[in-house]
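Worksheet for the structure shown next.
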Amino acid sequence: VMCEVTVTPMDLTKGRAAGITIEDRSRDEETGQMRRDFVANVSHELRTPLTALMGFIETLRGPARNDPAAQERFLDIMGREAGRMNRLIGELLSLSRVEQDERRRPVESVDLAALLRSVVTTLSPSATAAGVRIEAEVGDGQVTLPGDADQLVQVFHNLIENAVKYGGSGGVVRVQLERLEHEPVLRGPAWTVTVEDEGEGIEALHLPRLTERFYRVDAHRSREQGGTGLGLAIVKHIVNRHRGRMKIESTRGKGSRFMVILPESAGRA
Ligand code: ADP
């Protein structure tokens, strides 16, 4: 397994105090052990809601048989658990698709600016409902680069949704699009999308593992909010497929910043 992660204190890169930034350039090469762990994780993640469902079915048959109020409550919970299983299966399928065509670079071209505007528009109502304001600094022009539109929608949908989810009520989520004349690692012009929140941040020790499948800082909290723990793994594979880079910076108590850097042109294979 080759995994390259650089950890640099955030204050060295951005002049901010006490933060940490990691850069994820890992290319997961699946080993037998990883595959077994993955299957064990999937089974566990599916079994948790399933066990709850089976328990409620028993309760509806027995103790709650003549209690319409309890039935109503249990059916609500059962609906949520079934929804969770459905979401998990959707994300597993999307992860496996993305992993499958990771070696094939996207050939179509996309308008990244329009794509970001549309993701922000889609997520704004639920952000507002959660007491979070999304501020987009994307401009109103066109930004064309090689990319798979559906997959890039998934990337920014996941990142912005996380920022809203973990950003905390009353906060602002900032979405920025900037051009880099010369990106040193990609060795050419590139576009950076930054998704920044004002949440509680992520402790440094978690950062290098954040994009692993099913890795969560707080599994209970993630589940409560309907998370599957697969979002960032999907993001990473899509960014890899686009031959881009991803950086995560976070300061405890201040917030997190997720950056996706995509090459402006196809360049070398
Ligand atoms: P989940 O479905 O749990 O949100 P993700 O793969 O999207 O799964 O994220 C993995 C974990 O990373 C989350 O469970 C959470 O602990 C952490 N995380 C992701 N984004 C943020 C953020 N903006 N602020 C704080 N923690 C985050």
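Both counts, for ligands and for their atoms, begin at 1 and track the order of listing.
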Next item on the list: Start with the C-alpha gap between Glu178 and Trp191, add the side-chain angles, then the distance that decides, and say whether side chain to side chain donor-acceptor pair (under 3.5 Å) holds.
Entry: CA-CA 6 Å; Glu178 289 161 308; Trp191 288 87; over 6 Å; no
Note to self: Applying side chain to side chain donor-acceptor pair (under 3.5 Å) to Gln33 and Arg36, what does each step give before you reach the verdict?
What the structure shows: CA-CA 5 Å; Gln33 184 57 46; Arg36 282 190 294 278; 3.3 Å; yes
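With Ser124 as reference, Val120 is the one residue of Thr121, Thr122, Val120 to meet the side-chain contact (heavy atoms from CB on, under 4.5 Å) rule. With Ser94 as reference, Gln154 is the one residue of Glu99, Gln151, Gln154, His237 to meet the side-chain hydrogen bond (donor to acceptor under 3.5 Å, both in side chains) rule.
Protein heavy atom nearest atom 7 (O) of ligand 1, with residue, atom name and distance: Asn162 ND2, 2.8 Å. Closest protein heavy atom to atom 21 (C) of ligand 1: Tyr166 CD1, 3.5 Å. At the top of the distance list for atom 3 (O) of ligand 1, counting protein heavy atoms only, stands Ser222 OG, 2.5 Å.
At a 4.0 Å heavy-atom cut-off, ligand 1 touches Ile202 through the side chain alone. Contact annotation: for Lys165 versus ligand 1, heavy atoms closer than 4.0 Å belong to the side chain alone.
Heavy-atom contacts of Ser256 reach the following atoms of ligand 1: 24 (N) (cutoff under 4.0 Å). Near Leu210, meaning under 4.0 Å from one of its heavy atoms, ligand 1 places the atoms 12 (O). Within the listing of ligand 1, atoms 22 (C), 23 (N), 24 (N) sit less than 4.0 angstrom from a heavy atom of Asp197.
Of all the heavy atoms in Asp101 and Arg241, the pair that sits closest is O-NE, 3.0 Å.
Considering backbone and side-chain N/O of Leu232, one or more are found under 3.5 Å from N/O of ligand 1. By the 3.5 Å distance cut-off applied to N or O atoms, Gly231 is counted among the residues near ligand 1. Between Val217 and ligand 1, at least one pair of N/O atoms sits closer than 3.5 Å. Remark: ligand 1 and Tyr215 share no N or O pair separated by less than 3.5 Å (distance only, no angle test).
Residue Asp76 places its CG atom among more than 12 non-hydrogen atoms of other residues, nucleotides or ligands, all under 6.0 Å distant.
Side-chain polar atoms of Asn41 and Glu45 form no donor-acceptor pair below 3.5 angstrom. A donor atom on one side chain and an acceptor atom on the other are found under 3.5 Å apart for Thr228 and Glu91.
Residues Met246 and Phe258 are in side-chain contact: their nearest non-hydrogen atoms beyond the backbone lie under 4.5 Å apart.
Using 4.0 Å as the threshold, Gly229 has a heavy atom nearer than that to some atom of ligand 1. Heavy atoms of Asn158 come nearer than 4.0 angstrom to ligand 1 in no pair at all.
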